[in-house]
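All remarks here apply to the structure that follows.
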2 protein chains.
Amino acid sequence: MEDEVDRLVAAWRRERPDLDVEPLEVLSRVSRLARHLDRARRIAFAEHHLEPWEFDVLTSLRRAGPPYQLSPGQLLTQTLVTSGTMTNRIDRLTKKNLVERLPDPSDRRGVLVRLTAEGRDKADQSLAGLLDQERAILGELSRRQRGELAGLLRQLTAPFDNVPG
Amino acid sequence: MEDEVDRLVAAWRRERPDLDVEPLEVLSRVSRLARHLDRARRIAFAEHHLEPWEFDVLTSLRRAGPPYQLSPGQLLTQTLVTSGTMTNRIDRLTKKNLVERLPDPSDRRGVLVRLTAEGRDKADQSLAGLLDQERAILGELSRRQRGELAGLLRQLTAPFDNVPG
DNA sequence: TTCAAGTGTCTTGACATCAAGATATTGCGG
DNA sequence: CCGCAATATCTTGATGTCAAGACACTTGAA
């Protein structure tokens, strides 16, 4: 089955036959698939009155385990947003009583963000829904193919995840 | 080499051993890699004083071939944004003299967006830069692995690209 | 002990995006 | 040929994001 990237690559080969556009076969697909996934997640979460960004923060805290707290800095590396964005997210989640801010006892510059009971419930409910949706999308692939895909993607993400920046 | 998704999956298996989180091995990596790519593209394009969204629109028109024009609707399916966003993008690119709007001769509701000479130059220059960057990122993989990865991703994107929505 | 560099978080201001609906035009069924 | 649903684009208003820098605290070297 052909996809939009096949058409895009064919167009470039016609218009710019001097360039090697093979990298687009992988990386344009990654970017486009991520946009499709965002849309699908937005629709799925709407049933729980949850935005994708709320899900990202709540589940980061949830999987940290009891007492369900992380510093804003730890949340940054998990969610890949900037510090200003995270401050804003924590403010809004605090207003909705899904998280609370506590002073960090070991560093007076710092803060800890802790999940409330209500926030924990939301995280648990929405995670199950997300996994169902993702399983449906991955139905296209065999178990073996999913494993191969995960391994190839890991090789690309690891360099980003294992440097300071 | 371990990545952030390995840690994320391990955390879920500890906290929610009742759930099958295997789908995250693929789809969380896709989402996170796309965010890393966005950041890297933003930095690379800054040298050309170009934003990623400008690149997306200009190159869509460039690869359409002479006379380098598409309808806003065609640009929507290529860039995966909403119609309001595209109107705004075209407005801003018009102010910068990179595109121009023309009435569609065959449908009076419609408009055609055409690349200016300056816009075409920008598209050509920045595409070469992007491909260099992407080749560096893909250096992790052999040619054979890149082909496998592209094929697996196509199976996931094709259903999204071949339905009306 | 002191101070300079580093770190962690928040503030600010500009801007890009989305959802929903308004407006204009087309083209099909009757 | 008429009327109405479908189509194509734009407008509006709310909101989320980013980059840059401010501020407070910590750390390490002399």
Side-chain angles (χ1 to χ4, degrees), chain A residues 31 34-46 49-57 69-96 99-114 164-165, chain B residues 31 34-47 49-58 69-96 99-114 164-165:
Chain A
S31 294
R35 288 197 67 84
H36 287 304
L37 292 173
D38 267 355
R39 285 186 175 185
R41 288 203 303 167
R42 186 181 306 276
I43 293 167
F45 288 148
H49 304 288
L50 199 68
E51 300 289 329
W53 65 262
E54 295 179 294
F55 175 87
D56 288 341
V57 176
Q69 60 190 23
L70 292 172
S71 69
Q74 289 174 307
L75 288 170
L76 291 190
T77 72
Q78 303 238 341
T79 56
L80 299 177
V81 296
T82 60
S83 66
T85 297
M86 186 52 68
T87 297
N88 186 16
R89 288 183 175 188
I90 296 167
D91 288 347
R92 284 174 279 155
L93 288 170
T94 301
K95 277 191 196 122
K96 295 177 78 172
V99 307
E100 57 188 341
R101 258 190 262 250
L102 308 171
D104 183 336
S106 67
D107 184 339
R108 258 184 292 186
R109 290 169 303 180
V111 168
L112 291 175
V113 181
R114 180 153 69 191
Chain B
S31 294
R35 286 197 69 82
H36 286 305
L37 291 173
D38 267 354
R39 285 186 175 186
R41 286 202 303 168
R42 185 181 306 276
I43 292 167
F45 289 149
E47 298 171 18
H49 304 288
L50 198 69
E51 301 288 329
W53 64 262
E54 297 179 292
F55 175 86
D56 288 341
V57 176
L58 296 180
Q69 61 190 23
L70 293 172
S71 70
Q74 290 173 305
L75 287 170
L76 290 191
T77 71
Q78 302 238 344
T79 56
L80 299 175
V81 296
T82 59
S83 66
T85 297
M86 186 52 68
T87 297
N88 186 15
R89 288 183 176 189
I90 296 167
D91 287 347
R92 284 174 278 152
L93 288 170
T94 301
K95 276 193 196 121
K96 295 177 77 172
V99 307
E100 56 190 340
R101 257 189 261 250
L102 308 171
D104 183 336
S106 67
D107 184 339
R108 258 184 290 186
R109 290 167 304 178
V111 168
L112 292 175
V113 181
R114 180 153 68 190

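Proteins come first, then strands; the chains are lettered A, B, ... in the order of their sequence lines, and each starts at number 1.
Considering only the side chain of B/V111, D/dT9 comes nearest among D/dG16, D/dT9, D/dT26. The side chain of B/T82 lies closest to C/dC18 when the candidates are C/dC18, D/dC18, C/dC10. Side-chain proximity of B/R92 to D/dC10, C/dA16, D/dT17: nearest is C/dA16.
With DNA chain C read from its 5' end, the first of the two nearest nucleotides for A/T87 and A/R35 is the one closest to A/T87.
Within the nucleic acid shown, B/D107 comes within 4.0 Å of sugar-phosphate atoms alone, with no base atom in reach, counting heavy atoms only. Backbone-only contact: A/G73 has heavy atoms under 4.0 Å from sugar-phosphate atoms and none from a base.
With rounding to whole Å, A/L75 atom CG is found 9 Å from C/dT9 atom P. For the pair A/D104 CG and D/dT26 C1', the computed distance is 12 Å after rounding to whole Å. At whole-Å resolution of the value, CG in A/D91 and C1' in C/dT12 are 13 Å apart. Here the C1' atom of nucleotide C/dT17 and the CG atom of B/D56 are 14 Å apart, to the nearest Å. One can place CD of A/E54 at 12 Å from C1' of D/dG16, the figure rounded to the nearest angstrom. In this structure, B/L76 atom CG and D/dT7 atom P are separated by 14 Å, rounded to whole Å. Between the CD1 atom of B/I90 and the C1' atom of D/dC10 there is a distance of 10 Å, rounded to whole Å. Atom CH2 in B/W53 sits roughly 7 Å away from atom P in C/dT17 (whole-Å rounding).
A salt bridge between B/R35 and B/D38 is absent, with no side-chain N of the basic residue lying under 4.0 Å from a carboxylate O of the acidic one.
Using a 4.5 Å heavy-atom threshold, the side chains of A/V99 and A/R89 count as separate. Counting only heavy atoms from C-beta outward, the side chains of B/L76 and B/V81 approach each other to under 4.5 Å.
Rounding to the nearest 0.5 Å gives a distance of 13.5 Å between CG of B/D91 and NZ of B/K96. Rounding to the nearest 0.5 Å gives a distance of 12.5 Å between CZ of A/R42 and CG of A/L37.
For C/dT9, the OP1/OP2 oxygens have no side-chain nitrogen or oxygen of A/R108 closer than 4.0 Å. Side-chain nitrogen and oxygen atoms of A/R109 include none within less than 4.0 Å of the OP1 or OP2 phosphate oxygen of C/dC10.
At a cut-off of 3.5 angstrom, the base of D/dC10 holds at least one donor-acceptor pair with the side chain of B/S83.
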